[in-house]
Amino acid sequence: MSLGFFGRPPVLLALSLIGLALATGYRLPTQSLETARDAGDVSAVAAQLEAEQRRLQNRLGELQAERDRLRSRAQGPQEGLSGLLAELISQQVLAGTVGLTGPGVVVVLDDSPRRPLRGEDPTLYLVLDSHLRDVVNLLWQGGAEAVAINGERLVVSSSIYAAGGTIVVNAARLAPPYEIVAIGPPELETLLKAPDRLTQLKARVQNYGLQFTVRRVPEVTVPPYKGGFATEHLRW
Amino acid sequence: MVKVALRRPRPNFGHVSLFLVALLVGFLVVTQLRGQLAAESASGRSQLSDARLLADLIEANNRLRTEITKAEQELAALKGNSRVDVDTLVTELNRLKAINGLLEVSGPGVEVEILGNPEPFEMLDLVNELRNAGAEAIAIGNPQTMVRLVYRSGIGGGRGWILVDGILLSGPYYIRAIGSPDTILKTLERRGGLLALLRYTHPDWVVTVTPADRITLPVYPNQLSFKYARLMQ
């Protein structure tokens, strides 16, 4: 049987090259073994630090509860203390170390269920840190009084950034779906849904199937911030 | 006269197909290279953000330890004489007011000057990066007005006009932050970082970061009240 055109030497060579490209190029791991091992180490170290963080947060919570109990017990006999303690609580509320409840909105963002087409940037189908920042910024602009993402209360020092495929808020790694709860005016819902707001996010919803829902709720709970504040460089 | 016969090459099925095959090979090789470059760049980014995550976790745990020590000391004092030490309370109150933007604060830090017309999201990203670099207090403004940022500060407006909590700001813009000047400077100026991106996207802008031994930030100008939120029972 003659191979005809496919049997010609240059064509055979080209076909071999394609075979080589397919065999090597498309099966090359995207990460070298060393990088993968490093990534494993990072994840293990991060998990250890996170476990330590939970232990410290629980310890701090217990100490603060006991301290507040003893302080309020001393309130009666000590003159002028109640005013000071009330002021302290109002500052704790502003700092975000106290849980709050009230009417507001629940916003849910999730990655697209669609798979990226070959050669397409896969991040087009993912919720990005910038999407969360934009939503939170709009909530504050609309008069939100307290906001949390997946249970992480946003405080004055909170940043939202991407690390190793997850989004980090208050040194906590969050995974999708991202649920943003906000206490604030009912107009927050209209603001978030307005076509001229969050245009980049809404374009991803439209074109790539990102999930974005906004629901007004009569009552939401925003948990307290469990971390500490850095003030080593601040003088007042 | 020599007549040159211009011979049109005869179409050759083999050559045409070989050309197509070569094109395909080229395409495959380029795709593969692009893929590798993207993977390398992504893994570079991810290593950078991994380091950032670990640093963030270590700092967060250190902050918790500091808070725990303070709480333990106060608790020991409370148990000792069952009286609240008013001085301790006032110190804590003032610290919280400073954190909340209700006291004027000063300290070492950096000043970021932006000679350009940023969009609100670019200012927001800069503030996020400063917080990420451990800034303890931040204000945005121009030579006339500085607006201290609080937890619920929102940045709006459009290109060339920035609204911070309803206060209209025009350029040149300044962002002042208190914190470790060295850490903030390194975070902002790192290769492939936010400032590099801003300078690349807007080559006509001048963005400078200057460390300073002492920066002073004003009190937040607006009222911070709660109309909808109540204490959790």
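Considering only heavy-atom pairs separated by less than 4.5 Å from chain A, the leading option among B:Ala135, B:Gly166, B:Ser153 is B:Ser153. Each of B:Pro108, B:Ala55, B:Ala60 has some count of heavy-atom pairs under 4.5 Å with chain A, and the biggest count is that of B:Pro108. When the candidates A:Arg133, A:Gln57, A:Gln200 are compared by the number of heavy-atom contacts under 4.5 Å with chain B, A:Arg133 comes out ahead. For the set A:Val222, A:Leu84, A:Val155, the count of heavy-atom pairs under 4.5 angstrom toward chain B peaks at A:Leu84. The candidate from A:Val168, A:Thr231, A:Asn170 with the greatest count of non-hydrogen atom pairs under 4.5 Å with chain B is A:Thr231. Among A:Gln64, A:Glu62, A:Arg55, A:Arg173, the residue making the largest number of heavy-atom pairs under 4.5 Å with chain B is A:Arg173. Between chain B and the options A:Val136, A:Ile183, A:Ile160, A:Val156, heavy-atom pairs under 4.5 Å are most frequent for A:Val156. Options B:Ser106, B:Gly154, B:Gly107 differ in how many heavy-atom pairs under 4.5 Å they form with chain A, and the most are formed by B:Ser106. In terms of heavy-atom pairs under 4.5 Å with chain A, the best-connected choice from B:Leu130, B:Leu75, B:Leu163 is B:Leu75. Ranked by heavy-atom pairs shorter than 4.5 Å toward chain A, the options B:Val105, B:Leu149, B:Asp56, B:Asn128 are led by B:Asn128.
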Query raised in the report: Step by step, would you call A:His233 with B:Ser180 a side chain to side chain contact (heavy atoms under 4.5 Å, CB included)?
Result: CA-CA 7 Å; A:His233 302 88; B:Ser180 159; 3.8 Å; yes
**Report entry** side chain to side chain contact (heavy atoms under 4.5 Å, CB included) between A:Phe229 and B:Glu136, intermediate numbers included
**Finding:** CA-CA 8 Å; A:Phe229 292 97; B:Glu136 295 167 15; over 6 Å; no
Requested in this report: Evaluate side chain to side chain contact (heavy atoms under 4.5 Å, CB included) for B:Leu102 paired with A:Gln91, printing each intermediate quantity in order.
Outcome: CA-CA 9 Å; B:Leu102 302 178; A:Gln91 290 303 317; 3.6 Å; yes
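Rounded to the nearest 0.5 Å, atoms CG (A:Leu94) and CZ (B:Arg152) are 7.0 Å apart. Atom-to-atom distance recorded for B:Leu78:CG and A:Asp68:CG is 9.5 Å, nearest 0.5 angstrom. In this structure, B:Glu59 CD and A:Ser157 OG are separated by 11.0 Å, a value rounded to the nearest 0.5 Å. One finds the CZ atom of B:Arg230 at 11.0 Å from the CD atom of A:Glu145 (value rounded to the nearest 0.5 Å). Taken to the nearest 0.5 Å, the CD atom of B:Glu74 stands 11.5 Å off from the CD atom of A:Glu66. How far CG of B:Leu93 is from CD1 of A:Ile89: 11.0 Å, rounded to the nearest 0.5 Å.
For a residue to count as touching a neighbouring chain, one of its non-hydrogen atoms must lie under 4.5 Å from one of that chain's; by this rule A:Ser90 does not touch chain B. Of the two parts of B:Arg214, neither the backbone nor the side chain holds a non-hydrogen atom closer than 4.5 Å to a non-hydrogen atom of chain A. When heavy atoms are compared at a cutoff of 4.5 Å, B:Thr66 does not approach chain A at all. If you measure heavy-atom distances from B:Asn100 to chain A, the contacts under 4.5 Å come from the side chain alone. Proximity to chain A is absent for every atom of B:Lys70, based on heavy atoms less than 4.5 angstrom apart. Only the backbone of B:Ser225 comes within contact range of chain A, with heavy atoms under 4.5 Å apart. Contacts of A:Ala144 with chain B are made by backbone atoms alone, with heavy-atom separations under 4.5 Å and no side-chain atom involved. Looking at B:Glu104, only its backbone comes within 4.5 Å of chain A, counting heavy atoms on both sides. Interface remark: B:Val150 contributes backbone atoms only to the contact with chain A (heavy atom separation under 4.5 Å). Within the 4.5 angstrom heavy-atom criterion, no atom of A:Ala172 approaches chain B. For B:Leu54, the parts sitting under 4.5 Å from any heavy atom of chain A are the backbone and the side chain alike.
Residues A:Arg71 and B:Leu89 have side chains in contact (heavy-atom distance under 4.5 Å, counting atoms from C-beta outward). Residues A:Trp236 and B:Arg95 have side chains in contact (heavy-atom distance under 4.5 Å, counting atoms from C-beta outward). Using a 4.5 Å heavy-atom cutoff, the side chains of A:Glu52 and B:Arg65 are in contact. The shortest distance between side-chain heavy atoms of A:Tyr161 and B:Leu53 falls below 4.5 Å.
Judged by distance alone, with hydrogens and angles left aside, the side-chain atoms of A:Gln53 form no donor-acceptor pair with the main-chain N or O of B:Leu57 at under 3.5 Å. Between the side chain of B:Glu72 and the backbone N or O of A:Leu63, no donor-acceptor pair lies under 3.5 Å.
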Residues 97-104 of chain A, side-chain donor-acceptor partners within the protein, below 3.5 Å, at least two apart:
from     : atom 1 : to       : atom 2 : distance (Å)
A:Thr97  : OG1    : A:Gln92  : O      : 3.2
A:Thr101 : OG1    : A:Glu219 : OE2    : 2.9
A:Thr101 : OG1    : A:Val220 : O      : 3.1

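No more than 12 heavy atoms of other residues, nucleotides or ligands sit less than 6.0 Å from atom CG of B:Asp213.
Between B:Asn61 and A:Leu56 the shortest heavy-atom distance is O-CD1, 3.6 Å. Closest approach of A:Ala95 to B:Leu96, counting heavy atoms only: CB-CD2, 3.9 Å. Residues A:Leu234 and B:Ala137 come closest through the heavy atom pair CD2-CB, 3.8 Å.
Partners of A:Asn137 according to the side chain to side chain contact (heavy atoms under 4.5 Å, CB included) rule, which considers only residues two or more places apart in sequence or in another chain, are A:Gln141, B:Leu124, B:Ile155.
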